[in-house]
Amino acid sequence: MGNGKFYITTAIDYPSGRPHLGHAYEKVAADCIARWHRLLGEEVFFLTGTDEHGSKIMKKAQEAGKEPEAYVDEMVVFFKQLCDSLNISNDRFIRTTDADHVKVSQDIFKKIYDKGEIYLGNYSGWYCSECETFYTEKDLADGKCPTHGKKAEWVSEESYFFKMSAYTQKVLDFLEKNPESVLPSGKRKEIINRVKEGLNDLSVSRANVPWGITVPINEKHTQYVWMDALLNYVSGIGYPGTNFKKFWPADVHLIGKDILWHHTAIWYSILLAVEIPLPKTVFSHGFINTALGEKMSKSGGTVIDPLEIVNTYSSDVLRYFLLREIPFGQDGNFSEEALKERLNNELANELGNLVNRTIVMIEKSGGKIPDAKTDAGLQKKLNLKKIKELMEKFELHHALAEIFSFAGSCNQFINEKEPWKLDGKEKDAVLYSLADSLRIISILLQPFIPETSKKINQQFGVNQGLIADCEFNKFKAGTKVKKGEILFRKIE
Ligand code: MSP
């Protein structure tokens with residue numbers, strides 16, 4: 001962080017089916033962080049997209065009776081639609097089939113080959129096409145992939161290998177010297193222990209998977225899908241051009257815990273081989289389980305369609321729930337019951353009511369922001385420093401709780417002051433305090449629930465502010481307010 005610029009990425013999703021709630025979760029969290037940094041006044045680049053090559057997609061296309069190209073073109077629409085419907089503010093949606101990405105992938109492969117760090121050999125071993133990962137006999141549990149529980153397949157073919165073993169010490173040194181390299185910190189320790197066992201050379205090409213980027217030195221091979229997908233983080237910002245120079249190294253790669261190994265051991269080694277600095281932080285978020293406690297994934301069959309939830313409730317209700325319910329970095333549960341509860345108690349009762357009561361009271365007393373100052377006691381209830389620190393530490397759930405705690409203080413302030421019993425300057429002071437506080441709450445909530453923040457701003461007649469505007473007494477007296485639609489309807 002710093003230098004006034006911030007580069008954040010999500011994993012790129014396999015468009016091997018419709019997007020699920022896990023995909024939605026990662027994008028919403030990354031979007032929240034990206035928006036927060038924009039509000040800090042930084043220049044942000046936020047990258048997300050789809051990982052379209054490899055055996056998994058090839059198989060899905062075959063099952064659907066389609067050519068892989070046609071298949072991914074069809075599926076990617078749903079992933080873009082997911083971004084739109086969740087208000088994801090990504091600066092680019094990269095597809096690994098994009099021409100610029102293909103070129104960068106080949107260039108980087110060639111660069112490592114020219115350095116003498118890619119050699120031709122034979123690969124014999126186990127492969128899980130679900131996560132596109134090679135496993136040794138001892139990694140497997142009963143012949144099945146340790147992550148997906150799917151039967152691994154035996155692969156024996158000619159393959160190019162990347163001398164990843166040569167990078168064990170460098171990868172280890174980086175992880176040990178940089179406490180922020182992998183977060184949460186427990187995950188860093190796990191990775192360190194694994195790397196200490198030593199890195200194996202990595203098979204980086206497939207001779208029998210035609211759906212992929214052609215190996216630049218041998219057209220009979222395609223690049224191993226991770227040797228293609230990971231490179232999106234540099235191709236997506238125009239490696240090796242000026243935009244890349246401006247934004248690299250990435251501030252955060254936000255990914256799920258199942259692919260942390262790929263984003264540390266493998267990704268670091270590739271970057272070290274091409275002498276590109278390593279990313280500042282790889283943040284590993286948890287998995288969303290259904291209320292039944294089952295891991296939610298396409299292969300597991302317990303899929304919740306995020307688009308359906310958005311349609312039934314709204315984008316902000318889902319965003320709020322995901323960001324508030326799941327401690328960021330840990331696993332969490334999704335259930336519609338829990339979502340309804342948060343919608344009714346927190347969004348409708350706490351926030352919606354506060355906005356509504358305030359606007360109604362101001363409209364009743366002339367419809368304009370009065371000329372007054374914000375109550376000193378109420379000001380003390382907002383702990384902006386704490387919110388900033390929590391965001392810096394990626395404790396999104398705590399930051400959101402803290403913002404809502406201030407909204408709670410505003411509601412309490414109304415109940416205590418009973419402004420309907422006041423008039424003149426006393427009433428003005430209460431109304432100004434509430435409007436000024438809501439102006440600030442709306443800024444702070446923008447990264448979490450942007451549509452709601454926009455609606456609040458409209459009702460109060462203000463433009464989107466920055467974190468720097470979260471100072472009290474900045475609301476211009478005389479500004480006209482206008483009651484809008486109710487923010488959240490309760491659902492029984
Ligand atoms: N294509 C690879 C990533 C390549 S990144 C260079 C991939 N795709 S995926 O579609 O399987 O997963 C995309 C992201 O969603 C990953 O970060 C993964 O951890 C995350 N999730 C998948 N299921 C999830 C949940 N149930 N809960 C939360 N996140 C989950 O892996």
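Note that ligands are numbered from 1 as they come in the structure, with each ligand's atoms numbered from 1 the same way.
- Using a cut-off of 4.0 Å between Lys/Arg side-chain N and Asp/Glu carboxylate O, Glu337 and Lys340 are scored as salt-bridged.
- A salt bridge links Glu402 to Lys386: at least one charged side-chain nitrogen sits closer than 4.0 Å to a carboxylate oxygen.
- Neither the backbone nor the side chain of Glu132 has a heavy atom within less than 4.0 Å of ligand 1.
- Of the candidates Phe79, Phe287, Tyr233, it is Phe287 that places a heavy atom closest to atom 25 (C) of ligand 1.
- Close contacts of ligand 1 with Asp258, meaning ligand atoms under 4.0 Å from a residue heavy atom, involve 18 (C), 19 (O).
- Annotation: cation-pi geometry not satisfied between Arg206 and Tyr224 (NZ/CZ under 6.0 angstrom from ring centroid, within 45° of ring axis).
- For the pair Glu43 and Lys5, the salt-bridge criterion is not met [side-chain N within less than 4.0 Å of a carboxylate O].
- Residue Asp13 touches ligand 1 through backbone and side chain together, judged by heavy-atom distances below 4.0 Å.
- Using a 4.0 Å cut-off between a side-chain N of Lys or Arg and a carboxylate O of Asp or Glu, Lys59 and Glu132 do not qualify as a salt bridge.
- Here is the list of ligand 1 atoms found below 4.0 Å of a heavy atom in Asp51: 1 (N), 2 (C), 4 (C).
- With salt bridges taken as basic N to acidic carboxylate O contacts below 4.0 Å, one links Lys27 and Asp13.
- Close contacts of ligand 1 with His263, meaning ligand atoms under 4.0 Å from a residue heavy atom, involve 5 (S), 6 (C).
- Residue Ile255 has at least one heavy-atom neighbour below 4.0 Å for each of these atoms of ligand 1: 17 (O).
- Of all the heavy atoms of His285, the ones lying under 4.0 Å from any atom of ligand 1 belong exclusively to the side chain.
- Every atom of ligand 1 with a heavy atom of Gly256 under 4.0 Å away is listed here by number and element: 17 (O), 19 (O).
- The residue from Tyr25, Tyr14, Trp226 that puts a heavy atom closest to atom 9 (S) of ligand 1 is Tyr14.
- Residues passing the side chain to side chain donor-acceptor pair (under 3.5 Å) test with Ser85: none are found, sequence neighbours excluded.
- Partners of Ala401 under the side-chain contact (heavy atoms from CB on, under 4.5 Å) rule, at least two apart in sequence or in another chain, are Arg324.
- Remark: distances from the non-hydrogen atoms of Gly286 to ligand 1 include one below 4.0 Å.
- Closest heavy-atom approach to atom 27 (N) of ligand 1 within the set Asp331, Ile57, Ile288, Ile259: this belongs to Ile288.
- The Ala229 neighbourhood of ligand 1 comprises atoms 6 (C), with distances under 4.0 Å to a heavy atom of that residue.
- For His262, the heavy-atom gap to ligand 1 stays at 4.0 angstrom or more.
- Residues Asp73 and Arg95 are paired through a salt bridge, judged by an N-O separation under 4.0 Å between the basic side chain and the carboxylate.
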